[in-house]
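So the structure is just underneath, and the comments pick up after that.
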Amino acid sequence: MQLVPDPDSDLVEACRHPENEGFEPAFEQLFLRYRDRVYAIAYRVTCNSVDAMDVVQEAFSLVFRKIDSFRSGSLFSTWLFRLVVNCSIDHRRRVRARRWQGGEGLEVAVETAADPGASPDTAAEAQEFGANIQEAIGMLSPKLRVILALRYLEEMSYEQLAATLDLSLGTVKSRIARAHLALERVVRERFPHLENVAVAGGSYGSSA
Amino acid sequence: MNSPVQQPDCRQFARQLADHLDAARAGQVPAHASMCAACGNRLKLALGLGGPLAKRPEFPPQLKHPDVLAAIHQKVIDASERSPIGQAIGAAMRVEAIGDRLPWPVQTLRVEILEHIQAAPHRQPDRNPPLVLVAGERRARFRRRLAPASAIAASIALLAVFGWRAGRSEGTNEDVRIVFVPVSELPAVMHPTAVLRQAVVR
């Protein structure tokens with residue numbers, strides 16, 4: 001049941017007809033509309049800028065080829081984010097296998113946007129804090145990373161998460177709880193200095 | 001700070017952390033969190049991590065570059081060309097007559113027919129038991145001589161008719177001329193190429 005009209009329905013409809021002239025501008029428009037969000041999710045899961053770029057390209061090439069398989073009963077964004085999640089997990093698996101065969105370690109390159117309004121010291125601290133958190137996220141399993149990315153970056157409700165990941169509401173809540181507990185453990189064990197900073201920032205009634 | 005002691009209430013609290021986070025964001029302090037320092041701390045930590053988790057990463061400049069779209073299109077092309085249907089289309093597009101050589105479907109067909117002919121005498125079961133062979137030796141010898149020739153004629157005729165039917169079913173409006181030539185020679189006209197090609201593909 002679709003309660004909200006899909007804001008992308010016109011563009012998606014145009015993309016269903018590659019023989020028409022409207023296909024290319026519609027596809028480009030979809031790409032421009034979603035590229036940042038797709039990149040952010042991919043980055044959270046792959047923990048690497050180069051890999052995230054690969055995922056962006058892979059995900060949109062799948063949109064190009066498989067948009068016919070998208071059923072209009074759901075939101076395009078839900079379908080797209082599911083593709084991105086699957087591409088990210090597959091890509092990470094392939095990269096790990098390649099690096100393992102090549103005897104390399106899996107490095108985590110971390111880039112978090114600095115707050116442009118912050119003073120240099122504060123900006124550097126915030127960037128380091130964000131980088132440490134991303135590193136901690138990188139130590140979680142891909143499934144837990146995915147649910148944190150969609151929940152916090154995309155601000156998805158439990159229902160949206162359930163639809164995107166094809167899970168029950170109960171599983172969604174349980175996975176979010178597991179993700180937080182796992183992240184808490186990593187922070188305590190590997191980044192103990194972050195705990196006080198995070199706890200201090202975690203006041204009741206905060207909207208994040 | 002140590003991990004919370006795993007009392008039954010604490011385990012329950014951990015399992016329902018997602019709901020407690022929602023409540024805490026709305027300013028409601030869960031009862032257990034206000035009584036248990038460890039779980040209160042756990043909740044505050046989860047709340048505090050929400051900010052960094054929601055922060056988007058820095059976008060690389062190449063994400064905004066037009067080359068990304070070109071790279072996406074290239075991935076689509078690569079995937080299409082690798083697919084079985086893409087390979088079949090690619091092969092069909094490469095069909096060209098080179099000098100006096102015919103396109104590959106005819107050459108392929110000719111090879112197949114020749115292979116069939118070479119295999120035919122060996123595959124032909126001997127329908128005459130030894131006693132009958134003695135009784136009708138002349139007739140049996142005649143049949144053996146006839147077998148390869150009949151196999152050739154039958155296979156050419158079947159392929160031609162089947163190909164003609166296939167061509168008709170795909171809406172070929174042109175009149176089809178069936179030209180019989182010895183299998184060692186190439187047909188003098190191009191039209192049977194289409195008929196025979198479809199017969200081979202199917």
Side-chain angles (χ1 to χ4, degrees), chain A residues 27-28 31 35-37 39-40 43-44 49-50 52-53 56-58 60-61 64-65 110-114 126 129-130 132-134 136-137 148-149 151-153 155 158 172-177 180-181 183-185 187-188 192 194-208, chain B residues 1-4 11-30 33-34 38 40-80 83 86:
Chain A
F27 180 77
E28 191 172 342
F31 172 72
R35 66 180 174 192
D36 290 356
R37 293 164 73 183
Y39 176 85
Y43 180 79
R44 272 282 185 267
S49 176
V50 175
M53 280 299 292
V56 169
Q57 292 174 20
E58 183 65 32
F60 278 101
S61 78
F64 195 111
R65 285 161 49 213
V110 178
E111 300 138 28
T112 307
F129 184 67
N132 288 155
I133 294 296
Q134 177 64 37
I137 293 169
L148 287 177
R151 175 73 173 158
Y152 286 95
L153 287 174
E155 299 180 352
Y158 298 137
V172 165
K173 287 187 181 183
S174 142
R175 201 171 283 183
I176 291 176
H180 272 291
L181 297 181
L183 192 58
E184 175 192 311
R185 181 174 294 173
V187 166
R188 285 204 166 115
L194 297 183
E195 188 178 352
N196 289 336
V197 181
V199 168
S203 55
Y204 299 130
S206 59
S207 58
Chain B
M1 257 175 261
N2 297 322
S3 295
R11 282 198 210 108
Q12 176 82 356
F13 185 84
R15 270 200 295 273
Q16 296 175 345
L17 189 59
D19 288 332
H20 294 316
L21 274 169
D22 286 346
R25 281 192 202 107
Q28 299 165 1
V29 185
S34 56
N41 202 47
R42 163 168 280 168
L43 188 60
K44 282 188 176 173
L45 177 61
L47 281 170
L49 290 174
L53 285 171
K55 198 163 183 105
R56 287 177 184 270
E58 196 172 341
F59 297 112
Q62 56 266 40
L63 186 65
K64 316 272 180 194
H65 199 278
D67 282 355
V68 179
L69 262 177
I72 291 168
H73 291 143
Q74 188 58 51
K75 272 186 181 285
V76 174
I77 293 167
D78 292 345
S80 299
S83 71

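Throughout, a chain's letter reflects where its sequence line sits, starting with A, and its residues are numbered from 1. The shown structure was predicted, so the numbers you read here are calculated from the model rather than taken from an experiment.
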*Looking at A:Leu181, A:Leu148, A:Asp36, which has the largest count of heavy-atom pairs under 4.5 Å with chain B?*
A:Asp36
*What option among A:Arg185, A:Arg35, A:Glu58, A:Glu155 has the most heavy-atom pairs under 4.5 Å with chain B?*
A:Arg35
*May I ask you to test the A:Val172-A:Arg151 pair for a side-chain heavy-atom distance under 4.5 Å?*
no
_Pairing of B:Arg25 and B:Asp22 as salt bridge, 4.0 angstrom limit_ = yes
*Region of B:Gln74 in contact with chain A, defined by heavy-atom distances below 4.5 Å*: neither
_Residue B:His20 versus chain A: region with a heavy atom under 4.5 Å_ = neither
*Determine, using ring centers only, whether A:His180 and A:Tyr152 are less than 6.0 Å apart.*
yes
*Please confirm whether the backbone N or O of B:Leu53 pairs with a side-chain atom of A:Arg44, one donor and one acceptor, at under 3.5 Å?*
yes
_Using every non-hydrogen atom in the two residues, find where B:Arg56 and A:Leu153 come nearest and quote the distance to one decimal._
NH2-O, 3.5 Å
*Can you name the nearest heavy-atom pair linking B:Ala18 to A:Tyr158, along with the distance?*
O-OH, 3.1 Å
Report which part of [X] has an atom under 4.5 Å of a heavy atom belonging to chain B: side chain, backbone, both, or neither.
| X | answer |
| --- | --- |
| A:Arg37 | both |
| A:Ile176 | side chain |
| A:Phe60 | both |
| A:Ile137 | side chain |

